[in-house]
Amino acid sequence: MCGICGVKRVSGPPRLETLELMIGALRHRGPDGAGCYRDANVGLGHARLSIVDIAGGAQPLSNEDGQVWVTFNGEIFNHIELRDELIGHGHRFRTRSDTEVIVHAWEQWGRGCFSRFNGQWALAIWDRTERELILARDPRGILPLFFTERTEEVRFASEVTALFADGDVPREFDPRGFDELLTYWSPVAPQTVYRGVSQVAPGSFVSFGPGGRSEYRYYEDVFPSQPEELHIDLESSAAALREALVNATRLRFLRSDVPVAAYLSGGIDSAVTAGIIARYTHTDLHTYSLRFADAEFDESDYQTMVSRHLGTEHSHVTVTAADIAAAFPDAVRHAETPILRAAPAPMLLLSRLVRESGYPVVVTGEGADEVLAGYDIFREAAVRRFWARDPESAERARIVEALYPWMHRSPAKAPAFAHRFFSRDLDPADPFLSHRPRWRSTAALKTMLTADFAASADPTAALRARLPRDSDTWHPLARAQWTESTTLLPGYILSSQGDRMLMANSVEGRFPFLDPDVGRVAAAMPARHKLMGLDEKHVLKHAFRDLVPDAVRTRPKQPYRAPDVGGFVGAGAPDWVSDVLSPEAVQNAGVFRPDIVQHLVAKCTRAEGRSPSNSDSMRLMAVLSTQILHRDLIAAPPHPRRHPHQPVVVYDELDQRENTHE
């Protein structure tokens, strides 16, 4: 993993100072080196985290004649196989890096090259012959890539802060982005929360050429039509899944020139990936876990069980509510977007432990819930579809009480409320039936917005327009999976809670469940193999029943959560909380109404010692994170991050020489 950035100008070369400031803003993503390339119209920058070909993989990198240049963040895991194929076509390589595979793949296959990559990436290709700048992102959106267009130039970067590094790009919140944030938990690409800043959509590339900007999709989820007619037995699905996941995990663990560790959450997903490494790679494995002082959120017993079962060397960090509050501003600054949960902050502390232990790469179980229907939202949708067939049935209505057994305020404890809540929006023809309750409860936060940020349009209309044309023939579970993978996965799970918290400490995450072969196997199997009744990820549990302890394999799904409000209110709250929540600060940000915010703070303070409602918790996190971003990114003057001990190696086409800038 690395940080990439660049500028394409209509006339005249980009300023080296701008490129160096952009690289400086990304040094946490790439502390091992920095470089940039410049010609008469384009500048490419790179901050390197050395993972593959440590000696020879410096970037930006070109082909033999210097007509194709690339700056690349990520990993192409099948680069060895692609290299052999390209050599067969006559291409010559001078490094062992996966980066060089990209430039030759572009030469050989052009825009078709991205469909051949098995990996996770955000990259920029400058084709000097065609005068075309290409920005591309991996199919799942594991890695971020932002851009902004103005009359004279296009800028791109791994993080928004780099776009703002020299102060030339206006910094302003976008009401439309907040409308999506307060519906889906995250804006959906290309939307962001910043006016004039877009993101490349997962599975897409954007071209900036002589004819202007154009966007292309090279990947889309494909599910079978009429899946209930698939005559595939469970054993066949389990065997296919096991083979694909073992291959994907081994590929991500072994293809690295630096040590690789693994996360253990206490659930089946990370237990499976760690178990595959332990059994199929014959190497020592170091695992890492988050533990919580609050027993409601702690899964340490299961983590210890899996570690002992697999024989791993295990380390953990125990997090308190005060730790979360202390780390929260850093988490928000690295996320670069408001967040509705405090959960990213503990992940920041965990990645710090991993890096301090000497591991720059970690394998995780993220993606399993989206690919194999593991979230409670899928179980909830199945229950609601069952209820929708006979809305007047009291017997059918009672099934909602089986949902969310892990939740402190589970529906079983308040059946009357649960019936009212889940009985709304029960239209079986609605492609988003599965997500309406979540979106409705999240959208309640919009009542806090100022008039300038209160949107009137329905954000789900744009999402409906993006549904694949044949999605009406899919199983309802497949539509729910598509919706989750399009909204929550790239923007929140893989970004705010994933890449951003990992790369804040220069740690690369690898995700075997998001391997394209795993995705194809999972999509092709009958829905009942993923969600058997209300048993989520049924096929995964069956496929790895010999590898995971039964107590972990059969435990109900407990999603990763962290304490939200406790450390932010009351006598022990950090000083920064009152500063960013003052009426003056809220007024200056212009997003939320100061009177409503003050009422919310007073309500949460009075509830000290008791858990606030889920809605109030989300409200407070949304306001706190927004106010931090306004203070530190929108309102603050640019504060260039210079690292004189890490010089920037510059190849300047304008004077045909390489220089080193301190």
Side-chain angles (χ1 to χ4, degrees), residues 173 177-187 193 290 292 294 296-297 319-349 407-409 438-439 441-449 453 488 491-493 495-498 500-501 559-570 572-574 576-582 585-586 589 591-594 596-608 610-633:
F173 284 137
F178 271 80
D179 192 38
E180 293 196 2
L181 170 81
L182 299 181
T183 303
Y184 308 129
W185 288 33
S186 171
V193 294
L290 263 179
F292 291 99
D294 187 333
E296 180 183 347
F297 305 91
V319 179
T320 67
D323 295 331
I324 294 172
F328 193 70
D330 276 346
V332 171
R333 284 190 288 267
H334 282 287
E336 294 188 318
T337 188
I339 49 181
L340 309 185
R341 287 282 190 264
M347 300 303 294
L348 178 72
L349 300 177
M407 188 180 288
H408 180 64
R409 294 187 176 96
R438 180 202 286 168
W439 293 350
S441 61
T442 305
L445 277 63
K446 297 178 188 180
T447 59
M448 299 191 299
L449 293 171
F453 274 75
L488 195 72
Y492 181 77
I493 299 295
S495 182
S496 295
Q497 196 168 283
R500 300 311 189 88
M501 299 304 106
Y560 164 64
R561 301 178 302 137
D564 279 327
V565 173
F568 299 93
V569 298
W576 64 263
V577 173
S578 58
D579 292 341
V580 301
L581 293 183
S582 71
V586 176
V591 178
F592 296 109
R593 290 175 49 188
I596 295 181
V597 170
Q598 294 310 302
H599 176 76
L600 171 66
V601 172
K603 183 179 181 182
C604 291
T605 301
R606 288 194 302 271
E608 186 178 6
R610 306 188 309 275
S611 297
S613 69
N614 182 58
S615 179
D616 284 342
S617 178
M618 292 176 69
R619 291 173 196 269
L620 187 63
M621 294 301 102
V623 175
L624 280 172
S625 54
T626 299
Q627 291 300 117
I628 290 168
L629 285 175
H630 182 265
R631 181 192 66 183
D632 296 346
L633 186 58

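Since we're looking at a predicted model, the values are computed, not measured.
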Quick one: which of Thr183, Leu340, Leu181 gives a side-chain contact (heavy atoms from CB on, under 4.5 Å) with Thr442?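 In the set Thr183, Leu340, Leu181, the residue that makes a side-chain contact (heavy atoms from CB on, under 4.5 Å) with Thr442 is Leu340.
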
Lys603 and side-chain contact (heavy atoms from CB on, under 4.5 Å): which partner among Asp616, Val569, Leu620? Asp616

Separation between [atom1] of [X] and [atom2] of [Y], rounded to the nearest 0.5 Å:
| X | Y | atom1 | atom2 | answer |
| --- | --- | --- | --- | --- |
| Leu633 | Arg333 | CG | CZ | 10.5 Å |
| Arg500 | Met347 | CZ | CE | 15.0 Å |
| His334 | Ser496 | NE2 | OG | 12.5 Å |
| Tyr492 | Ile339 | OH | CD1 | 6.5 Å |
| Phe173 | Leu629 | CZ | CG | 5.0 Å |

Between [Y] and [X], is there a side-chain heavy-atom distance shorter than 4.5 Å?
| X | Y | result |
| --- | --- | --- |
| Phe297 | Leu290 | no |
| Val193 | Phe178 | yes |
| Leu445 | Met618 | yes |
| Asp179 | Leu449 | no |
| Pro346 | Phe292 | yes |
| Phe592 | Arg619 | no |

For a quick test of reading the model, state the closest non-hydrogen atom pair linking [X] to [Y] and the distance between them.
| X | Y | result |
| --- | --- | --- |
| Pro329 | Ile628 | CA-CD1, 3.8 Å |
| Val332 | Ser625 | CG1-O, 3.5 Å |
| Pro612 | Ser617 | CG-CB, 4.4 Å |
| Leu182 | Lys446 | O-CE, 3.4 Å |
| Val580 | Ala585 | O-CB, 3.5 Å |
| Ala331 | Ala345 | CB-CA, 3.9 Å |

Mark yes or no for whether [X], through its side chain, and [Y], through its backbone, hold a donor-acceptor pair below 3.5 Å.
| X | Y | value |
| --- | --- | --- |
| Thr447 | Ala444 | yes |
| Asp564 | Ala342 | yes |
| Gln598 | Arg593 | no |
| Ser441 | Arg438 | yes |

Taking atom types as modelled and ignoring hydrogens, do the side chains of Thr320 and Asp323 form a donor-acceptor contact shorter than 3.5 angstrom?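 Present: a donor and an acceptor within the cut-off.
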
Indicate the ring-plane relationship of Trp576 and Phe568, choosing parallel, tilted or perpendicular according to the 30° and 60° boundaries. perpendicular

